[in-house]
Amino acid sequence: MSLKKKPVTGMKDILPAEMQVREFVMNQIRETYGGFGFNSIETPCVEHIENLSSKQGGDNEKLIFKIMKRGEKLNLETAQMENDLVDSGLRYDLTVPLSRYYSNNAAALPAPFKSLQMGSVWRADRPQRGRFRQFVQCDIDILGDPTRLAEIELILATTTLLGKIGFKGYTVRINDRNILKGMAAHCGFSEESYDQVFIILDKMDKIGMDGVARELKEAGYQEENVNNYLALFETVTRDASGVRSLKEALKDAMDPEQAENLAAIIDSVSAITTSQFKIEFDPTLVRGMSYYTGTIFEILVDGFPGSVGGGGRYDKMIGKFTGMDTPACGFSIGFERIITILMEEGFTVPGSEERFAFLIEKGVSDAVMNEAVKEAMNERAKGKTVLVSQMNKNKKFQKESLIKEGYTQFKEFYKEALKETN
């Protein structure tokens, strides 16, 4: 069987030029979120299959890379169903592992706990632009704070980070699951129908108001309920006053304080931030994870399909592990999508230090080679980046490749003499 040089479908090799951008963004993440008091943690990439299949991960639970039992625990002859063969899987997000982590270590952590976690996750998804089967996620979460201060800090930290890496003019969409439920209840939909109604509503940006109306009616819902429901979306404004108008309209179906809380978050972020973005109330925002219990948010960048970040409040998940609910709210940036955008725009790492390349002709004496390496060591001791490499026959192509990697100064060592070039 011949070996394959291409990576597995949905995964990719990362070349040095992209790696420099990735490392720059990762450093900005650590520095920015650290400045907001978030603590870096790490969780294993492998999780118990029971945790991954707890009906908390929405459609992602259909995309788990499952791991077979090993050794004596694996008995193919007696296995009757998949669960007899599987005991763990690769994590599909960082929220489920964080909830387990906090449940296991809460006694040793400050309260509230502000967490920063970066790491690879895996989903057996269909690959497309900016979407892979293995990809890096970056999550910040605040555990133990039931107030809107958590949402405000998460939004400000994330938008501050995006501003530092050059993003502006994007939109933070925000909603609350309680408002979604209140709107549905007010218009006569039963609680049992919420999931199906919200799945259809989530298609609004793709099929429009008419498409949503058609699908709701095709699903068997009464025309009067559907018309009243969609009328709410047509009249509400996309700001804090729009939230407050719904607060009055839905007071028979939800706690008005839940709507006021969302309006206050929008007001606070708008008043405090210095970053260039819009925060917009979007009553059609659903987000698919079933673990969300309150505020939900997403980030949209013009010209890029899908969101480049999202999150929300999930006050019930940790209680699945401990039996006692713990307030929790998180925001995840789409690291790979952000890198895709930066690479497509030709982003270069700002303020990069000068990088030198010493090219040594083949066949030089040990004395010339030692001279080159010694000089490189002296420059490295001063904190400079110096690559020492043999000179290729096609020196022009070699230099062009090195320039793409950020090398700007070249020094050439020959058998008889050396040349300096810029």
Side-chain angles (χ1 to χ4, degrees), residues 56 58 95 99 112 141-155 172-202 204 221 225-226 228-271 279-298 310-320 322-331:
Q56 298 292 304
T95 306
S99 297
D141 295 81
I142 300 178
L143 310 180
D145 185 352
T147 73
R148 58 177 168 265
L149 176 61
E151 281 92 339
I152 293 168
E153 279 279 275
L154 289 167
I155 294 170
V172 177
R173 303 161 66 206
I174 189 166
N175 196 9
D176 192 300
R177 295 282 287 193
N178 295 299
I179 291 177
L180 281 169
K181 294 175 182 177
M183 294 174 75
H186 176 75
C187 296
F189 293 99
S190 66
E191 188 172 350
E192 296 75 29
S193 69
Y194 288 173
D195 285 345
Q196 184 181 32
V197 171
F198 296 160
I199 288 171
I200 296 172
L201 177 65
D202 199 31
M204 180 77 80
Y221 299 110
N225 293 349
V226 172
N228 290 337
Y229 186 52
L230 296 182
L232 287 174
F233 296 101
E234 290 180 327
T235 57
V236 70
T237 58
R238 298 300 184 99
D239 53 15
S241 64
V243 180
R244 292 189 171 101
S245 70
L246 279 179
K247 178 178 72 171
E248 296 302 317
L250 304 177
K251 56 188 176 184
D252 65 321
M254 64 174 289
D255 181 354
E257 280 302 310
Q258 294 169 331
E260 182 57 35
N261 183 67
L262 181 62
I265 291 171
I266 296 172
D267 284 340
S268 294
V269 171
S270 301
I279 182 165
E280 182 178 279
F281 170 51
D282 187 347
T284 70
L285 178 63
V286 175
R287 293 198 60 80
M289 297 300 194
S290 60
Y291 53 65
Y292 289 125
T293 59
T295 317
I296 49 178
F297 23 73
E298 278 189 351
R313 183 166 283 279
Y314 53 101
D315 290 345
K316 300 292 184 182
M317 181 181 282
I318 294 173
K320 301 283 185 182
T322 64
M324 183 173 63
D325 289 342
T326 299
C329 195
F331 210 141

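Only this structure's heavy atoms are used, side chains among them; waters, hydrogens and symmetry mates stay out.
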Do [X] and [Y] have side chains that approach each other closer than 4.5 Å (heavy atoms only, starting at C-beta)?
X	Y	value
Arg238	Asp282	yes
Pro327	Asp315	yes
His186	Leu232	yes
Ile179	Met254	yes
Asp176	Val243	no
Tyr314	Ser99	yes
Thr295	Leu262	yes
Ile174	Val269	no

Between the side chain of Asn178 and the main-chain N/O of Gly294, is any donor-acceptor distance below 3.5 Å?
no
Output yes when a side-chain donor or acceptor of Arg287 lies under 3.5 Å from a complementary backbone atom of Arg177, and no otherwise.
no
Rounded to the nearest 0.5 Å, what's the gap from [atom1] on [X] to [atom2] on [Y]? Could you check?
X	Y	atom1	atom2	answer
Ile200	Asp195	CD1	CG	11.5 Å
Asn228	Met183	CG	CE	11.5 Å
Leu250	Cys187	CG	SG	8.0 Å

My understanding is that only residues two or more places apart in sequence, or in another chain, count here; which of them pass side-chain contact (heavy atoms from CB on, under 4.5 Å) with Ala264?
Arg148
Partner of Phe189 under ring pair (Phe, Tyr, Trp, His ring centres under 6.0 Å), chosen from Tyr221, Phe198, Tyr194:
Tyr221
Please report the shortest heavy-atom distance between Gly144 and Pro112, naming the atom on each side.
C-CB, 3.9 Å
